[in-house]
Number of protein chains: 2
Amino acid sequence: MPPLQSATPTTHADEGEGLHFCSTCAFSSACIDAGYDKPTLRDLHVMVEHVGPYHAGEHIFRTNDPFRALYAVRSGAVKTLTVDTDGSEQVLGFYLPGELVGLNAIYPKRFPCDAVALESSQFCRFSFSAISALATRMPMLQQQLFRMLSRELGMASRLAGDHSADERVAAFLTDLAQRFAAQGFPARYVHLAMTRNEIAEYLRLASETISRILGRFRNQGLIRVDGRDVEIIDSEQLNVLAHHILAG
Amino acid sequence: MPPLQSATPTTHADEGEGLHFCSTCAFSSACIDAGYDKPTLRDLHVMVEHVGPYHAGEHIFRTNDPFRALYAVRSGAVKTLTVDTDGSEQVLGFYLPGELVGLNAIYPKRFPCDAVALESSQFCRFSFSAISALATRMPMLQQQLFRMLSRELGMASRLAGDHSADERVAAFLTDLAQRFAAQGFPARYVHLAMTRNEIAEYLRLASETISRILGRFRNQGLIRVDGRDVEIIDSEQLNVLAHHILAG
DNA sequence: GAATTACCATGACCCAGGTCAATATTGCGA
DNA sequence: TCGCAATATTGACCTGGGTCATGGTAATTC
């Protein structure tokens with residue numbers, strides 16, 4: 001088998017002077033071209049605090065930490081997870097560059113989960129009180145926050161549905177491919193920053209099931225697999241499988 | 001067995017003149033006593049449109065309807081649900097008086113689910129563009145919207161966890177009891193506005209499983225069941241079972 | 001109040017996916 | 001380069017909960 005092209009996202013912030021934001025910033029699309037005046041944009045810009053790098057396995061925050069800020073991924077990848085009383089872990093989500101971590105902490109005012117870097121990662125840290133104060137002056141920013149919350153809600157509901165293991169894995173790959181594509185990577189190549197076990201904890205399956213299904217998808221010619229690099233061969237068929245779960 | 005006391009919530013709006021809101025309104029707690037001046041409160045008040053009654057089985061909105069407004073339940077009960085391609089239904093949530101329906105529609109700009117009245121129900125309808133515009137002038141209102149979105153996100157994540165059928169049913173009863181209690185009803189009595197089948201579609205179980213587990217809980221002395229009226233006998237034990245799922 | 005229909009309960013059986021176990025394989029540190 | 005530890009794969013077997021079937025009960029309708 002020929003080696004697969006790696007598709008690890010290593011996108012970084014545009015750190016030029018002036019008012020350039022991270023090219024992948026969760027807020028940039030909504031705000032930059034919304035026609036805000038310079039001073040307002042500057043307010044948003046100066047509130048950003050760049051933090052990291054956090055290395056693989058390091059915590060960005062922990063369950064019950066007081067919620068003060070949202071984290072936008074600049075580079076790397078993160079998982080959020082809860083540990084229930086019997087010690088089993090549930091992965092709530094994986095976050096790629098440009099995505100926003102911590103939205104589920106607004107209500108309880110404390111983080112209801114841990115966030116752990118899957119690989120060396122950097123973040124933009126937004127004080128929540130500052131950004132929500134600013135949002136009262138920037139309706140587009142408020143809208144963007146509402147949208148991101150609502151979008152994450154939709155994702156969680158879809159994940160909660162009862163779907164077969166095949167559907168779950170297909171939807172997982174398809175979703176990741178789309179998110180890579182949103183970063184400008186070819187949607188054909190997906191790099192898994194997480195272990196099979198973490199995928200399993202996310203999809204509520206056993207890690208053995210992940211292995212078996214990836215193996216079967218490979219045998220069926222839907223994908224090619226080389227460790228954590230996946231090449232999508234038959235996205236058509238994968239989409240059919242995933243169809244039940246992904247946004248309609 | 002003695003008849004169980006019914007606990008159907010029939011709470012209604014306080015419709016007095018002046019600036020009285022529905023006593024159970026999703027916004028009242030955050031806004032009324034936040035010290036806003038009369039004119040601002042009036043803005044919130046006049047934007048409310050009372051709609052209904054919708055009778056059992058009637059749709060409040062349907063999948064793909066353009067999203068224009070949020071609905072706060074004034075009386076009755078609602079379910080939201082999706083139907084996937086093979087015709088099977090997934091219940092996303094049940095909503096009681098004081099709760100807000102439609103938050104998951106903000107991002108896609110269309111409702112991603114149907115909303116159906118479980119019993120005769122009335123609503124306060126809030127134009128979303130109006131309420132988000134107002135939220136820029138009322139930070140407490142903005143916060144309240146953020147909180148409700150974040151809270152619903154947390155609920156969805158918890159429901160998505162992989163838990164045994166016993167845990168799910170115990171958590172379901174406990175959660176409902178708490179929400180009844182929040183309306184001023186005794187937490188001991190829970191009225192199920194929905195069928196066993198709808199509970200099953202919500203908890204991703206088969207309706208037979210719901211019947212069996214309610215039966216077993218009854219035999220174990222945890223609850224008493226009379227049709228759709230449930231009396232919680234051993235909330236302690238039920239909480240232990242539910243513990244994994246409910247908010248920590 | 002009889003008939004129809006929806007809903008509910010419970011038993012018998014089955015299967016998707018979990019668990020346990022035995023190897024591969026990969027990555028990493030010295 | 002070796003060795004250890006973490007991952008991944010694959011097989012054998014088991015079980016929680018699904019499915020199907022049957023009968024009971026409550027609510028509507030005529």
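Keep in mind the model is a prediction, meaning the values are calculated, not measured. Letters A, B, ... are given to chains in the order of the sequence lines, protein chains preceding strands, and every chain is numbered from 1.
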Whole angstrom value for the distance that separates P of D:dT9 from CG of A:Asn197: 12 Å
Spacing of B:Arg196 atom CZ relative to D:dT25 atom P, expressed in whole Å: 15 Å
A:Ile210 CD1 to D:dT10 P, straight-line distance once rounded to whole Å: 14 Å
Nearest-Å distance for atom pair CZ/C1', residues B:Phe217 and C:dA9: 16 Å
Separation of atom CG in A:Leu192 from atom P in D:dT9, rounded to whole Å: 10 Å
Length of the line joining B:Leu203:CG and D:dG16:P, which is rounded to integer Å: 19 Å
Under-4.0 Å salt bridge between B:Asp229 and B:Arg224: no
Interatomic distance, B:Arg168 CZ vs D:dG16 P [rounded to whole Å]: 15 Å
Sub-6.0 Å ring centroid separation between B:Tyr54 and B:Phe123: yes
B:Ser121 side chain to B:Ala77 backbone, donor-acceptor under 3.5 Å: yes
All pairs passing salt bridge (Lys or Arg N to Asp or Glu O under 4.0 Å) where residues 52-73 of chain B contributes a residue, at least two apart: none
Nucleic acid footprint by protein, nucleotides 16-30 of chain C - heavy-atom cut-off 4.0 Å, B for base, S for sugar-phosphate alone: -SSBB----------
Atom OH of B:Tyr107: over 12 foreign heavy atoms under 6.0 Å: no
Sugar-phosphate, base or nothing in reach of B:Thr195, heavy atoms under 4.0 Å: sugar-phosphate
Phosphate OP1/OP2 of D:dG16: any B:Arg216 side-chain N/O under 4.0 Å: no
Salt bridge (Lys or Arg N to Asp or Glu O under 4.0 Å) contacts in which one or both residues fall within residues 181-208 of chain A, not counting sequence neighbours: A:Lys79-A:Glu198, A:Arg188-A:Glu231
